[in-house]
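Step one of this worksheet: look at the structure below.
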Amino acid sequence: MTPYIDLNCDMGESYGAWTMGADAEVMPWVTSVNIACGFHAGDPVTMRKTVTAAAQAGVAIGAHVALPDLAGFGRRAMAVSAGEVHAMTVVQVGALIAMARTVDARVDHVKPHGALYHMAEQQPDIADALIDAIAAVDRSLRVVGLAGGELVGAAEEAGMRASNEAFIDRRYRHDGGLVPRGE
């Protein structure tokens, strides 16, 4: 496979009367987007609008799955079991796939958001639950995770496509993990 750089951005985070982000302005500058699926941000109308805009721009569409934490924007860790993570992931990925189908578009990838992203890196059972859920919905979906991390490793071990992610707007620890936002 030829290496490439995918300029990826989180989008579709508006919810009801609350507007967040400059999705329309950023869309022409990215190659893929992670669309909030309603658990940390987003709602069905915003999902449809963002999927439509991405499809029209020729941008790869991804499900940005998260813990059910609208008030904390998905950034608060929660005591959830691997089974709960599996169920939450199936619901969110399935919802975005269904929405994409309504505009004749296809979901390309899945990326966990916030606390779920970090939990997957620290708890192998959570990473495995995410991978099992994604595979149960559609094994062809690409998994996006921290470069060299637990989630990418779990995806590769399961024979799924995976992309190693690096953040240009975050600092890293010496072990390759992200420095917490509060630091």
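Any value given below was found using the heavy atoms of this structure, including those in side chains, with hydrogens, waters and symmetry copies removed. These numbers come from a predicted model, not from an experiment.
A side chain to side chain donor-acceptor pair (under 3.5 Å) with N34 is found for exactly one of H109, H113, H64, namely H109. Checked options D23, T46, D43; the residue passing with S14 is T46 (criterion: side chain to side chain contact (heavy atoms under 4.5 Å, CB included)).
With a 6.0 Å radius and a threshold of 12 heavy atoms from other residues, nucleotides or ligands, R101 has its CZ atom at or below the threshold.
Other members of the hydrophobic cluster containing W18, listed by chain and number, are Y15, M20, L70, F73; membership follows side-chain contacts under 4.5 Å among ILVMFWY residues, whether direct or relayed.
The cluster map of Ile, Leu, Val, Met, Phe, Trp and Tyr, joined by side-chain heavy atoms under 4.5 Å apart, puts V152 and L116 in different clusters. L67 and L96 fall within the same hydrophobic cluster, defined by Ile, Leu, Val, Met, Phe, Trp and Tyr side-chain heavy atoms under 4.5 Å apart, directly or through other members.
The shortest non-hydrogen separation linking R161 to D108 is NH2-O, 3.4 Å.
Using a 4.5 Å heavy-atom cutoff, the side chains of M160 and S140 are not in contact. Using a 4.5 Å heavy-atom threshold, the side chains of M88 and Q92 count as touching. Using a 4.5 Å heavy-atom threshold, the side chains of V65 and V85 count as separate.
Looking only at distances, a side-chain donor or acceptor of E84 sits under 3.5 Å from a matching main-chain atom of S81. Judged by distance alone, the side chain of T31 and the main-chain N or O of L7 form a donor-acceptor pair under 3.5 Å. A donor-acceptor pair under 3.5 Å is absent between the side-chain atoms of R48 and the main chain of M99, judged by distance alone.
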